[in-house]
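Every number for a ligand or one of its atoms is a count from 1 in the order of the listing. For the single chain, residues carry numbers from 1 onward in sequence order.
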Amino acid sequence: MFADRVLSGMRPTGSLHLGHYHGVLKNWVQMQHEYECLFFVADWHALTTHYDTPEVIEQSVWDMVVDWLAAGVDPAHATLFIQSQVPEHAELHLLLSMITPLGWLERVPTYKDQQEKLSEKDLSTYGFLGYPLLQSADILIYRATQVPVGEDQVPHIEFTREIARRFNHIYGRESGFVEKAEAAVKRLGSRKARLYNELRTRFQEQGDLMALESAKSLLDEQQSLSHGDRERLFGYLEGGGKMILSEPRAMLTAASRMPGLDGQKMSKSYENTITLREDEASVAKKIRTMPTDPARIRRTDAGNPEKCPVWQLHQVYSTDATRQWVIKGCKSAGIGCIECKQPVIEAVLAEQRPMRERAQLYLDDPVMVKNIIADGCEKARKLASETMREVREAMGLSYM
Ligand code: TRP
Ligand code: SF4
């Protein structure tokens, strides 16, 4: 199976547009063949900012899942689920809240930024302050190794790593840890046990980072280790206790900046979007009425593509040959703007066609969508329960 587990979530706060497709979904579709992937609808996260419009969230949840499927996210390859259907996330959030210093939350940059940006909303709530911690629970509960996120979310992953470390530091000291770790070393077999001990000594006595890395890859290669032993051996290596929660890494996706209809980044708040499955006539009309180089008032005025938002779409959608045609035609007034927009219209429609077709299958049979999500929730819950069992035990909460 896969050594890495990828987890990502999206907030259901409105329809997805081509910016989501180029910036996120294309990437998910690619990753589902390379990693074990879990993708979920972060409906609780949506409530932290949209608590007064729950109906928007409810509608967006299903639209969003259809958008994912339309974009090519394949339930045979990725687990799709809804956060609120896996209540273990809330339990972990609560338990982690016991050890989360308020100052850590207040210092997460998105906290103040979003409060200022969404100043029409009262975001001085407990839930909003806890947003990054809920996200940490989402990630840690699946022991995700990688989390694909945009630049703005990197501090949340950093925060998650710090929470995991703090948790392991406080609760990772199971009684008899050293004895259990040594027994786990023996179970590696004598040759590998000797190698592990050698590398561990080199790291602990001389700070040899190469030795640490070698020991880690040695452990990564051991298929037959139990989860408990694996975590003990990792913990023992670095001199700490057992690692109950593992630290994820942020996976920065090449920031493909999708231009909107006005040349700014495509974003709902700029009202410059084309939605993922927008109907053809509306797509054509939106592009046909896009602003162009303001210097081209009359058809006979020459223009400059560098000053035109349509040109940015050619960069995303057109071949080299078409782009040459645009540059030449625009600068010499050889082509008109409507003519110039035509290949963009066609390319966007061609990109959307398979998405619209796939979506139709699901729109015709909404039960299929519910079943995909029900399956995904069940799988996710199973994984989440395993982590929760260990977390409860570590925190002294396993009474039965
Ligand atoms: N905060 C993320 C965003 O706004 C959404 C999210 C919630 C998420 N939980 C997550 C992303 C866990 C990755 C992993 O985009
Ligand atoms: Fe923009 Fe094309 Fe018109 Fe030039 S010809 S101004 S690139 S739309």
| said: Assess the residue pair Asp293 and Asn304 against the criterion (side-chain hydrogen bond (donor to acceptor under 3.5 Å, both in side chains)); give the C-alpha distance rounded to whole Å, side-chain angles, the decisive distance to 0.1 Å, and a yes or no. | reply: CA-CA 7 Å; Asp293 175 359; Asn304 178 359; 5.7 Å; no
| Going by distance alone, is a donor N or O of one side chain under 3.5 Å from an acceptor N or O of the other, for Arg202 and Gln206? | no
| task | Would you mind telling me which of Leu18, Val316, Leu313 makes a side-chain contact (heavy atoms from CB on, under 4.5 Å) with Val348? | result | Leu18
| message | Under a plain distance cut-off of 3.5 Å, with no hydrogens placed, do Glu346 and Gln342 share a side-chain donor-acceptor pair? | response | yes
Extract all N/O-N/O pairs under 3.5 Å that connect ligand 1 to the protein, and present each with both atom names and the distance rounded to 0.1 Å.
residue	atom	partner	partner atom	Å
ligand 1	1 (N)	Tyr131	OH	2.7
ligand 1	1 (N)	Gln135	OE1	3.1
ligand 1	1 (N)	Gln153	OE1	2.8
ligand 1	4 (O)	Tyr131	OH	3.1
ligand 1	9 (N)	Asp138	OD2	2.7

| query | Listing by chain and number, what protein N/O/S atoms are under 2.8 Å from atom 4 (Fe) of ligand 2? | reply | Cys330 SG
| message | Evaluate Tyr111 against His156 for ring-ring contact (aromatic ring centres under 6.0 Å, His included), listing each step before the verdict. | response | CA-CA 10 Å; Tyr111 179 58; His156 291 183; over 10 Å; no
| remark: dist Leu80:CG -> Asp375:CG (nearest 0.5 Å) comes out at 10.0 Å
| task | Would you please indicate if the ring centroids of His22 and Tyr317 are separated by under 6.0 Å? | result | yes
| message | Applying the side-chain contact (heavy atoms from CB on, under 4.5 Å) criterion to Leu140, which one of Leu7, Ile163, Ile244 satisfies it? | response | Ile163
| Between His89 and Tyr142, is the ring centre distance below 6.0 Å? | yes
